[in-house]
Asks: 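Provided herewith is a single structure, encoded as structure tokens, for subsequent inquiry.
Within every chain, numbering begins at 1; the chains are lettered A, B, ... in the order of the sequence lines, protein sequences first and strands thereafter.
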4 protein chains.
Amino acid sequence: MKKDSRRSGDKHRRIIQAAVKVFAKNGFYNSKVSEIARAAKVADGTIYLYFQNKDDILIRLFEEEMAAILQKMTEEINRASEPAEKLKRFALAHLKLVEENQELAEIIQVEVRQSSKFMKEYDNPQFQEYLNLISGIIREGQAQGVFRPEIEPGVFKRAFFGALDEMSRYWVLSLARKYSITRAAEEISGFFLDGVLSPPKAPAE
Amino acid sequence: MKKDSRRSGDKHRRIIQAAVKVFAKNGFYNSKVSEIARAAKVADGTIYLYFQNKDDILIRLFEEEMAAILQKMTEEINRASEPAEKLKRFALAHLKLVEENQELAEIIQVEVRQSSKFMKEYDNPQFQEYLNLISGIIREGQAQGVFRPEIEPGVFKRAFFGALDEMSRYWVLSLARKYSITRAAEEISGFFLDGVLSPPKAPAE
Amino acid sequence: MKKDSRRSGDKHRRIIQAAVKVFAKNGFYNSKVSEIARAAKVADGTIYLYFQNKDDILIRLFEEEMAAILQKMTEEINRASEPAEKLKRFALAHLKLVEENQELAEIIQVEVRQSSKFMKEYDNPQFQEYLNLISGIIREGQAQGVFRPEIEPGVFKRAFFGALDEMSRYWVLSLARKYSITRAAEEISGFFLDGVLSPPKAPAE
Amino acid sequence: MKKDSRRSGDKHRRIIQAAVKVFAKNGFYNSKVSEIARAAKVADGTIYLYFQNKDDILIRLFEEEMAAILQKMTEEINRASEPAEKLKRFALAHLKLVEENQELAEIIQVEVRQSSKFMKEYDNPQFQEYLNLISGIIREGQAQGVFRPEIEPGVFKRAFFGALDEMSRYWVLSLARKYSITRAAEEISGFFLDGVLSPPKAPAE
DNA sequence: GATGAATGAGGGTTCATTCAT
DNA sequence: AATGAATGAACCCTCATTCAT
């Protein structure tokens with residue numbers, strides 16, 4: 001009767017979005033399929049027209065959202081040309097993404113990681129690609145001679161991502177926001193670019 | 001005093017240790033209390049003489065194991081006197097701890113983090129103390145003038161921990177071990193101490 | 001008149017025939033309406049234009065197929081004039097019908113019988129008529145003096161039918177076919193006509 | 001508190017007996033596990049301590065009850081020494097068993113047969129043994145020369161059983177009881193022993 | 001008439017927790 | 001204290017049926 005009451009065609013999307021909210025609030029295992037259905041304003045059974053089972057909701061949610069994120073991040077770092085600048089942009093963009101999509105961030109950080117164990121294999125291609133944006137920047141910088149050649153890109157990408165991730169977890173899970181995002185992004189990029197050691201005193205004249 | 005007192009203390013430990021194995025294998029939500037009981041060789045009901053409920057097993061497990069880790073790590077970094085050296089030791093010791101206690105590491109990384117949401121509040125005093133070992137080193141270094149004064153210890157501790165954590169997750173969840181732990185620890189400490197930028201050319205002349 | 005009228009009549013039949021296949025394969029309760037729809041190449045909803053509900057498909061299937069069988073069997077036994085011969089023909093024709101319509105036979109034997117309990121009352125008029133073909137033969141034979149007058153036709157019809165039915169169930173459900181149908185039909189008629197006792201020795205002169 | 005309220009030790013039996021009632025009333029597929037639990041006065045979950053699943057209840061019910069029946073019937077026919085007498089006793093005992101265990105009989109006739117298709121293979125060893133009691137009598141009679149040698153025991157057993165079974169189904173499913181059981185047993189044995197044909201007139205001297 | 005997406009009640013099964021012994 | 005049989009609430013998923021198109 002109402003134009004969009006049934007047969008809307010956007011059910012898949014609505015279910016995913018409802019799942020983001022519900023999983024973020026309760027965690028995957030404490031979320032009920034019927035709660036997702038209610039949040040998406042569809043019947044319980046409708047969920048199973050679009051997803052194979054509860055696990056599948058989480059997997060598809062992750063894949064679809066991650067694809068969008070990957071896309072955005074790729075564009076973002078390509079706005080810069082300098083590798084060091086790219087790294088800074090990555091850090092800032094990552095923290096902003098987390099801030100703008102807190103529920104999603106929480107799910108990816110916690111739920112997907114949790115179940116990645118059951119998907120057996122930490123490497124999720126999308127997630128690997130995301131990390132590889134970082135190692136790509138490193139290799140580019142090494143080729144240009146601006147990054148030390150002995151840096152191992154495969155170690156760096158994890159360290160850099162881990163630093164950002166832990167920082168953002170702090171934001172996502174706590175409500176307090178002592179540090180500004182911009183400031184934190186600069187600071188973290190700073191650690192990795194310049195290190196924390198005080199610069200050697202300029203040798204006396 | 002006699003046989004019984006020994007066994008009682010024994011059971012608490014046995015249950016915790018069984019839980020470590022079981023939670024690591026299946027994840028918290030896919031683990032059954034009866035499976036822990038079986039692994040600990042006690043009756044299902046016995047578990048409830050020592051723990052309030054299933055959640056309580058995870059919490060106590062975390063707290064007790066974390067206390068031991070905290071203890072070890074404090075000793076470890078105090079073997080060095082230089083702040084930079086302490087940071088290196090922290091990195092190496094952390095990765096070694098993970099390697100030597102993979103099951104526990106997996107639980108702390110994944111399960112505790114998962115349910116930390118329900119404990120509602122990311123700050124778990126033990127975990128905070130662990131992070132504060134890092135910020136303590138920074139403050140000490142800043143006082144001595146070896147670390148830049150503008151470094152925010154509260155940001156640094158998360159970044160440094162996150163870098164190590166992500167690296168170790170890679171080890172725990174994958175079986176591959178491309179990088180040696182010692183090497184990785186050095187490399188990560190290196191990022192944070194020296195940064196990745198190539199040193200400026202010494203000015204000619 | 002044109003295309004439509006042909007198709008309509010067609011659908012009812014197609015659904016019944018699809019149901020025969022599906023019910024025979026999975027049993028009534030394990031068959032899904034949607035599977036019947038798929039097999040009949042109609043939409044799920046279309047089934048409800050022709051049948052009230054799933055039960056109704058089974059009932060109508062049974063009634064329609066049974067009417068055809070009744071018709072055939074009546075013709076078949078009337079080809080003989082002797083009651084004993086009619087009984088033999090009934091046996092042979094019954095087993096042949098089962099052989100030629102195995103799926104249908106399986107449904108009638110198993111599913112209809114199952115749900116006959118819910119139709120509450122074993123007497124289904126069509127089925128009663130089928131049995132009454134047998135008692136009719138007996139009465140005819142008794143009138144002619146070829147069958148013993150003390151035979152109770154109402155008992156005989158069930159015994160004779162039951163014997164054939166059990167024999168054919170063996171064929172339908174097993175794949176093995178040790179005995180030829182013709183042979184079995186003769187043998188069973190033989191039991192009922194002559195009994196199994198060895199004929200008394202002709203009294204010595 | 002009450003002596004038999006919990007831990008009775010007869011739960012397995014109580015569940016089987018409850019299942020007999022419930023399956024007989026509603027049929028297997030329309031019976032709810034919770035209804036069986038209620039009838040057995042146990043919790044739903046308790047059923048799963050004794051049975052693997054709903055199917056398993058039916059299978060075990062059948063196997064256990066059938067074993068008892070087999071036992072009784074073997075004793076019964078061994079009370080006679082003459083093969084013809086054994087056959088008569090089988091018929092009478094079978095009909096009496098059905099009468100005394102109507103609910104069980106209904107389940108065996110309808111539900112087990114129904115699902116025998118899914119247990120895939122009509123031969124259930126217990127049921128085969130039951131049938132083989134009949135063929136055993138035939139072979140014994142043939143050895144003694146009282147039954148015709150050309151009778152095929154494998155056909156006879158099914159025919160005889162089928163006749164009794166169909167007769168008893170009539171009793172079980174209808175409430176009417178036109179014929180006495182004793183009378184019907186005699187009559188059916190009579191069909192198979194003597195046939196229905198009128199004896200030839202004694203040839204006039 | 002025909003379609004098939006949507007519905008939502010229903011039920012088998014699991015498993016944390018209890019409690020009589 | 002220790003046991004483990006028993007409990008029963010909870011939940012995922014199925015599928016007969018409906019109804020807007």
Asks: Would one find a side-chain N or O of C/Lys11 under 4.0 angstrom from OP1 or OP2 of E/dA2?
Replies: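 Yes, because at least one side-chain N or O of C/Lys11 sits under 4.0 Å from OP1 or OP2 of E/dA2.
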Asks: On the nucleotide F/dA2, are OP1 or OP2 found under 4.0 Å from the side-chain N or O atoms that B/Tyr50 carries?
Replies: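 Indeed, a polar side-chain atom of B/Tyr50 lies that close.
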Asks: When you match A/Val33 and C/Ser31 each to their closest nucleotide on DNA chain F, which lands nearer the 5' end?
Replies: A/Val33
Asks: Which sits closer to the 5' end of DNA chain E, A/Gly45 or B/Gly45, going by the nucleotide each is nearest to?
Replies: A/Gly45
Asks: Would you please classify the geometry between the B/His12 ring and the B/Tyr50 ring as parallel, tilted or perpendicular, with 30° and 60° separating the classes?
Replies: perpendicular
Asks: In the strands shown, is F/dA20 matched to any nucleotide by a Watson-Crick or G-U wobble pair with both distances under 3.5 Å, and which?
Replies: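 Checking every strand shown, F/dA20 finds its partner in E/dT3, with both distances under 3.5 Å.
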Asks: Between NZ of C/Lys11 and CD1 of C/Ile47, what distance do you get to the nearest 0.5 Å?
Replies: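 Answer for the NZ-CD1 pair, C/Lys11 versus C/Ile47, is 11.5 Å.
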Asks: Answer yes or no: are there more than 12 heavy-atom neighbours, outside A/Glu63 itself, under 6.0 Å from its atom CD?
Replies: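 Counting other residues, nucleotides and ligands, CD of A/Glu63 exceeds 12 neighbours.
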Asks: State the pairing partner of F/dT14; accept Watson-Crick or G-U wobble contacts with both distances under 3.5 Å, and report none otherwise.
Replies: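 Matched F/dT14 with E/dA9 under the 3.5 Å cut-off.
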Asks: Please state how far atom CD1 in C/Ile36 lies from atom C1' in F/dC15, giving the value in whole angstrom units.
Replies: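 Result: 12 Å.
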Asks: Judged by each residue's nearest nucleotide on DNA chain F, which is more toward the 5′ side, A/Asp44 or C/Asp44?
Replies: A/Asp44
Asks: Report the distance from atom NZ of C/Lys41 to atom P of E/dG4, rounded to the nearest whole Å.
Replies: 13 Å
Asks: Of the listed nucleotides (F/dA1, F/dT7, E/dA5), which one gets closest to any side-chain atom of D/Leu49?
Replies: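 Selected nucleotide: F/dT7.
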Asks: Using whole Å, report how far NZ of B/Lys32 lies from P of E/dT17.
Replies: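 So the NZ-P distance, B/Lys32 to E/dT17, works out to 15 Å.
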Asks: Is the charged tip of B/Lys54 near the ring of B/Phe28: under 6.0 Å from the six-membered ring centre and within 45° of its axis?
Replies: yes
Asks: Please state how far atom NE2 in A/His12 lies from atom P in E/dA6, giving the value in whole angstrom units.
Replies: 13 Å
Asks: Could you give the CD-to-C1' distance, from B/Glu35 to E/dC15, as a whole number of Å?
Replies: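 Atom-to-atom, B/Glu35 to E/dC15, this comes out as 12 Å.
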Asks: OP1 or OP2 of E/dT3 less than 4.0 angstrom from a side-chain nitrogen or oxygen of C/Thr46, does that happen here?
Replies: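 Checking E/dT3 against C/Thr46, a side-chain N or O does come within under 4.0 Å of OP1 or OP2.
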Asks: Figure out the OH/C1' separation between C/Tyr48 and E/dA6, and round it to whole Å.
Replies: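 For the pair C/Tyr48 OH and E/dA6 C1', the rounded distance is 14 Å.
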Asks: Do D/Phe62 and D/Ile107 come close enough that some side-chain heavy atom pair is under 4.5 Å?
Replies: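 When only atoms from C-beta onward are counted, D/Ile107 and D/Phe62 do not touch, as no gap falls below 4.5 Å.
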Asks: Rounding to a whole Å, what distance do you find between C/Lys54:NZ and F/dT14:C1'?
Replies: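 Distance check: C/Lys54 NZ to F/dT14 C1' gives 11 Å.
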Asks: Rounded to the nearest angstrom, tell me the gap between atom CG in C/Asp56 and atom P in F/dA16.
Replies: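 Taking CG of C/Asp56 and P of F/dA16, I get 14 Å after rounding.
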Asks: If you check the B/Ala43 side chain, which of E/dT3, E/dA5, F/dG4 turns out closest?
Replies: F/dG4
